[in-house]
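In what follows, residues are counted from 1 in the order of the sequence shown.
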Amino acid sequence: MQIFVGLGNPGAKYAGNRHNIGFMALDRIAADHGFGPWKTKFQAEIAEGVLGGEKVLLLKPQTFMNLSGQSVGEAMRFYKLEPEDVTVFHDELDLAPGKVRVKQAGGHAGHNGLRSIHQHITHDYQRVRLGIGHPGHKDKVSPYVLSDFAKADQDWLDDVLRGVADGAPDLAAGDAGKFMNAVALRTAPPRSSTSGPSAKAPEAPAEAPAAPAEDTRSPLQRLADKFR
């Protein structure tokens with residue numbers, strides 16, 4: 001059994017925030033893979049299902065971001081799991097919007113949700129880092145992550161969430177490479193060589209006019225010819 005954790009803050013006020021992209025990812029996985037209804041347990045909203053032949057618990061902590069580890073630790077102990085059985089989906093400031101990376105273990109890079117999880121289950125869990133970009137200055141980080149995605153973000157955001165859901169069975173099966181391929185097929189689909197009108201061959205440049213022939217007459221001959 002595995003636990004897929006999505007990080008975010010509970011309540012309608014925060015639902016569209018950049019900080020809640022982890023919740024959004026789990027909602028899409030649940031919808032696309034026929035998970036059971038969301039229930040309340042472990043200080044979280046949970047849903048059960050199967051991905052890649054593995055039983056998976058989707059878990060969205062309702063403790064607010066800074067205390068996410070309480071919920072994750074409680075669920076992990078209940079099912080007698082190890083940190084390696086946990087995958088956390090979270091927003092990542094250090095990745096450009098639309099970029100996704102999988103990472104095993106490591107630091108929390110100042111992310112308060114990860115910091116809390118570190119405290120409760122150690123750092124030996126897997127993360128799916130969902131890029132949201134950086135506002136440019138550390139003083140702007142808090143209002144940035146607690147603001148909703150802009151309308152201009154909706155296309156790439158939808159592609160990312162669909163890709164994550166497409167690849168979720170591969171991730172549960174332990175194949176991060178296939179998971180990343182599934183995401184890439186949504187976020188950067190290959191261009192078909194047969195689609196669309198064929199490229200028009202460039203036209204040959206017009207021939208440049210010939211330079212005038214050099215006048216080899218003497219000045220006296222040119223003057224005489226002028227009055228003929």
Side-chain angles (χ1 to χ4, degrees), residues 1-30 35-49 56-95 100-135 138-149 157 160-161 164 168 171-172:
M1 181 179 178
Q2 298 179 39
I3 301 177
F4 280 10
V5 179
L7 294 187
N9 287 309
K13 175 182 177 181
Y14 302 100
N17 286 183
R18 294 179 177 90
H19 223 16
N20 274 42
I21 193 172
F23 277 12
M24 297 174 194
L26 261 59
D27 286 338
R28 183 58 62 88
I29 291 171
F35 272 64
W38 291 97
K39 299 179 290 186
T40 301
K41 194 174 183 179
F42 310 124
Q43 305 177 67
E45 288 186 357
I46 63 169
E48 298 179 349
V56 175
L57 179 77
L58 303 181
L59 184 143
K60 299 188 295 183
Q62 301 296 293
T63 56
F64 286 93
M65 185 69 77
N66 294 6
L67 300 175
S68 299
Q70 293 181 4
S71 172
V72 178
E74 185 177 338
M76 196 180 79
R77 289 188 296 271
F78 180 85
Y79 291 107
K80 297 180 173 59
L81 300 176
E82 298 297 327
E84 292 82 0
D85 301 315
V86 176
T87 298
V88 178
F89 296 75
H90 66 91
D91 56 305
E92 178 57 73
L93 290 164
D94 293 333
L95 287 177
V100 178
R101 296 290 183 272
V102 179
K103 180 180 180 181
Q104 182 65 45
H108 54 67
H111 191 292
N112 288 331
L114 299 183
R115 188 197 308 273
S116 176
I117 295 173
H118 274 45
Q119 293 170 350
H120 286 268
I121 73 168
T122 78
H123 66 281
D124 293 324
Y125 55 92
Q126 181 171 248
R127 307 96 189 274
V128 176
R129 305 163 65 210
L130 305 169
I132 62 169
H134 197 287
K138 64 180 182 179
D139 292 341
K140 298 180 180 179
V141 166
S142 183
Y144 176 74
V145 300
L146 293 176
S147 296
D148 287 357
F149 283 104
L157 177 60
V160 165
L161 297 178
V164 165
L171 193 66

All heavy atoms of F23 vs all of G8, minimum pair found to be CE1-N, 3.4 Å

Among residues at least two apart in sequence or on other chains, which ones pass ring pair (Phe, Tyr, Trp, His ring centres under 6.0 Å) with H90? H111

4.5 Å side-chain heavy-atom contact, L114 and L7: yes

Checking M24 against L130 for the side-chain contact (heavy atoms from CB on, under 4.5 Å) test, could you report, in this order, the C-alpha distance in whole Å, the side-chain angles of both residues, the deciding distance, and whether it holds? CA-CA 11 Å; M24 297 174 194; L130 305 169; over 6 Å; no

Has the side chain of N66 got a donor or acceptor atom that lies under 3.5 Å from a matching backbone atom of N112? no

Indicate yes or no: at least one non-hydrogen side-chain atom of Y14 is less than 4.5 angstrom from one of H19. no

Measuring from Q62:CD to S71:OG, what's the distance to the nearest 0.5 Å? 8.0 Å

Among all residues two or more places apart in sequence or in another chain, which pass the ring pair (Phe, Tyr, Trp, His ring centres under 6.0 Å) test with H108? H118

Taking C-beta and beyond as the side chain, do P83 and M76 meet within less than 4.5 Å on heavy atoms? yes

Can you tell me how far NZ of K13 sits from CG of N20, rounded to the nearest 0.5 angstrom? 12.0 Å

Nearest atoms (heavy-atom pairs only) where F149 meets N17: CE1-O, 3.8 Å

Say you draw a straight line from CG of L57 to OH of Y79; how long is it, rounded to the nearest 0.5 Å? 5.0 Å

So which pairs with a foot in residues 110-128 pass salt bridge (charged side-chain N to carboxylate O under 4.0 Å, His left out), sequence neighbours left out? none

May I have the step-by-step check of side-chain contact (heavy atoms from CB on, under 4.5 Å) for F89 and I29, ending in yes or no? CA-CA 11 Å; F89 296 75; I29 291 171; 4.1 Å; yes

Taking every non-hydrogen atom, the tightest pair across F35 and V56: CE2-O, 3.4 Å

So, the side chain of S68 versus the backbone of M65: is there a donor-acceptor pair under 3.5 Å, distance only? yes

With sequence neighbours left out, the residues meeting salt bridge (charged side-chain N to carboxylate O under 4.0 Å, His left out) with R28 are D158

Working for side-chain contact (heavy atoms from CB on, under 4.5 Å), residues V86 and V5: CA-CA 7 Å; V86 176; V5 179; 3.9 Å; yes

Here the gap from L58 atom CG to F4 atom CZ, rounded to the nearest 0.5 Å, amounts to 7.5 Å

For K103, look at atom NZ and say whether over 12 heavy atoms of other residues, nucleotides or ligands are found less than 6.0 Å away. yes

Got a donor-acceptor contact below 3.5 angstrom from the N9 side chain to the F64 backbone? no

If you compare all heavy atoms of G6 against all heavy atoms of P61, which two are closest, and at what distance to 0.1 Å? O-CD, 3.2 Å

Sequence neighbours left out, cut at 3.5 Å: what donor-acceptor pairs do the side chains of residues 38-49 make with other protein atoms?
from : atom 1 : to  : atom 2 : distance (Å)
Q43  : NE2    : E74 : OE1    : 3.0
E45  : OE1    : K60 : NZ     : 3.4

Check step by step if side-chain contact (heavy atoms from CB on, under 4.5 Å) holds for I3 and V72. CA-CA 9 Å; I3 301 177; V72 178; 5.7 Å; no

Can you tell me which residue pairs pass the salt bridge (charged side-chain N to carboxylate O under 4.0 Å, His left out) test with a partner in residues 80-95, sequence neighbours excluded? E92-R129

